[in-house]
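Notes follow the structure.
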Amino acid sequence: PKQDGFSMPPEWAPHKQTWMIWPERTDSWRLGAKPAQAAFVTVIKAIAGFEPVSVGVSAAQYANAYAQLSTAETKFPIRVVEISNNDAWCRDTGPTFVTNGKGEVRGVDWTFNAWGGLNGGLYFPWDRDDQVASKILGIEQLPRYRTEGFVLEGGAIHVDGEGTLLTTAECLLNTNRNPHLSREEIEAMLREHLAIEKVLWLEDGIFNDETDGHVDNMACFVKPGEVLLAWTDDESDPQYARSKAALDYLEASTDAKGRKIKVHKLPVPAPIIAKAEEYASVDQSMAAIPREANARLAGSYINFYLCNGGLILPTFDDPNDKVAAEVLQQLFPEHQVVTVPGREILLGGGNIHCITQQQPLA
Ligand SMILES: NCCCCCC(N)=O
């Protein structure tokens, strides 16, 4: 934390590797999780074109994951290690890595409660997921800061690397995360653990996002002082009010260094609806929320992932796929945009940013 001189680098800072977790639970993923595993393999190989990838997998799926990944012909190595888990959302269950600018890396291991615990959580139990960060830090032999009892997911925050953090009240002030803490006390925990100076609070995230509006689906930093925001011009879409409120707030805000915020818009895809036949092959269980057919999914191009020289972008067979790729290539000229179909991942409730976790170089 701040007192030790450690802070969270921005996602565009150089990475040592990316961490991911292999999907397998059949009450969250359709067709025995096989389409999800294929989609994850595509993402893993895309990232391994830019930097090493470590994939955590359960003992039951180790042989299957290893067989598919160890023979991959990629520029950078893909490592498969056994890590028990309850699902595959490494953005939220992995550690948030912090660096001190003097060659040292540590990790923050937030308490995890499956996006709401017994008050709106998405599955039960989540004990293996709450151990993932600790196991990754153990494998990397990095010191660990544990925030016992303070719930946070990595997908709920973005930083600019210069003291500003971007998040949503819909998530962080939700009574199913830290009902015992005030907004000020939550800000204090973020300041302390990430050495940030100012929090920009968007009200809401993407409409119908089951994470309670994670910021990593709604908005992100392009560079200090510049924010990219999920946008629609369709005022009849429930997304419009959320994006307009965020635009007005950001354009009236300054960051930790006093810069006025410049907002860039990234169009959302047309509403994405889960088909009944897609969810027909998801197991019913007492352990996970049912996947609602005909529900609108929280599809967003903001859920891309920045790796060393690459930008991995989910696409949705939508005319805006091309628009989003062009806008992002303009805004991130030093990153090569690589598109990967995102629907199979979105059917599980998130996308490419949600299934990745960057480990920065010291
Ligand atoms: N079904 C669980 C979905 C969790 C999505 C995680 C994320 N960061 O979006």
Side-chain angles (χ1 to χ4, degrees), residues 1-11 89 91-98 106-122 126 129-130 132-134 144-206 209-221 224 227 229 242 245-246 249-250 252-257 261 298 302 350 353-354 357:
K2 192 174 198 165
Q3 89 237 9
D4 302 341
F6 285 83
S7 63
M8 181 181 176
E11 198 165 304
W89 307 98
R91 176 61 52 186
D92 296 341
T93 60
T96 296
F97 291 95
V98 289
R106 295 181 180 174
V108 183
D109 175 2
W110 314 102
T111 294
F112 176 77
N113 77 347
W115 308 277
L118 301 180
N119 173 17
L122 302 177
W126 54 80
D129 277 351
D130 196 22
V132 164
S134 172
R144 165 180 177 255
Y145 295 110
R146 171 67 174 178
T147 67
E148 200 56 51
F150 178 73
V151 172
L152 187 79
E153 303 97 42
I157 59 170
H158 266 307
V159 296
D160 68 354
E162 296 193 7
T164 314
L165 182 142
L166 182 65
T167 191
T168 68
E170 181 186 358
C171 184
L172 263 60
L173 303 187
N174 198 304
T175 55
N176 63 12
R177 294 321 203 271
N178 299 288
H180 57 302
L181 297 181
S182 69
R183 177 192 173 119
E184 290 66 32
E185 288 167 322
I186 291 168
E187 279 203 15
M189 282 296 281
L190 296 171
R191 284 174 207 281
E192 178 50 38
H193 282 84
L194 303 173
I196 49 114
E197 292 138 47
K198 180 164 188 180
V199 180
L200 295 177
W201 288 92
L202 303 183
E203 205 47 48
D204 294 308
I206 292 288
D209 188 325
E210 62 192 60
T211 61
D212 301 307
H214 270 186
V215 77
D216 74 342
N217 225 11
M218 178 71 167
C220 63
F221 286 107
V227 170
L229 174 66
R242 291 161 169 260
Y249 168 79
L250 288 167
S253 297
T254 57
D255 68 9
K257 302 295 184 203
I261 302 291
I302 292 285
H353 194 259
C354 307
Q357 186 64 248

Nearest 0.5 Å please: distance from the [atom1] atom of [X] over to the [atom2] atom of [Y].
X: Ile196; Y: Arg191; atom1: CD1; atom2: CZ; result: 6.0 Å
X: Glu187; Y: Thr167; atom1: CD; atom2: OG1; result: 10.0 Å
X: Asp255; Y: Thr164; atom1: CG; atom2: OG1; result: 4.0 Å
X: Ile261; Y: Phe221; atom1: CD1; atom2: CZ; result: 6.0 Å
X: Thr211; Y: Met218; atom1: OG1; atom2: CE; result: 11.5 Å
X: Glu203; Y: Tyr249; atom1: CD; atom2: OH; result: 9.5 Å

Polar side-chain atom of [X] near backbone of [Y] as donor-acceptor pair, under 3.5 Å:
X: Asp160; Y: Gly163; value: yes
X: Glu162; Y: Pro224; value: no
X: Asp4; Y: Phe6; value: no
X: Thr168; Y: Gly213; value: yes
X: Asp209; Y: Gly205; value: no

Heavy atoms only: give me the nearest [X]-[Y] pair and the separation to one decimal.
X: Glu185; Y: Ser182; result: OE1-N, 2.7 Å
X: Ile302; Y: Asn217; result: CB-O, 3.5 Å
X: Arg144; Y: Ser134; result: NE-CB, 3.6 Å
X: Ala298; Y: Ile206; result: CB-CG2, 3.7 Å
X: Gly161; Y: Pro10; result: CA-CD, 3.6 Å
X: Asp109; Y: Arg146; result: OD1-NH1, 2.9 Å

Quiz item: Would you say the side-chain atoms of Lys198 and Thr254 include a donor-acceptor pair closer than 3.5 Å?
Solution: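 Lys198 vs Thr254: donor-acceptor pair found between side chains.
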Quiz item: So, Trp115 and Asp92: side-chain donor and acceptor under 3.5 Å apart, yes or no?
Solution: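 Yes, a side-chain donor-acceptor pair sits under 3.5 Å.
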What I'd like to find out is whether the side chain of [X] reaches to under 4.5 Å of the side chain of [Y], using heavy atoms alone.
X: Arg91; Y: His214; value: no
X: Leu194; Y: Val98; value: yes
X: Asp212; Y: Asn176; value: yes
X: Leu202; Y: Val215; value: yes
X: Lys257; Y: Glu197; value: yes
X: Asn113; Y: Asp130; value: no
X: Ile186; Y: Phe150; value: yes
X: Val227; Y: Leu166; value: yes

Exercise. For Glu148 and Thr111, run side chain to side chain contact (heavy atoms under 4.5 Å, CB included): C-alpha distance rounded to whole Å, both residues' side-chain angles, the deciding distance at 0.1 Å, then the answer.
Key: CA-CA 6 Å; Glu148 200 56 51; Thr111 294; 4.2 Å; yes
Quiz item: Are Thr96 and Met8 close enough, and set up right, to give a side chain to side chain contact (heavy atoms under 4.5 Å, CB included), and what steps lead you there?
Solution: CA-CA 7 Å; Thr96 296; Met8 181 181 176; 3.5 Å; yes
Practice problem: Go through the steps for Leu152 and Ile157 under the test side chain to side chain contact (heavy atoms under 4.5 Å, CB included), then give the verdict. | Solution: CA-CA 9 Å; Leu152 187 79; Ile157 59 170; 4.2 Å; yes
Quiz item: Could you give all pairs that pass the ring pair (Phe, Tyr, Trp, His ring centres under 6.0 Å) test and reach residues 152-206, with sequence neighbours left out?
Solution: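 Only Trp110-His193, His158-His353 qualify under ring pair (Phe, Tyr, Trp, His ring centres under 6.0 Å).
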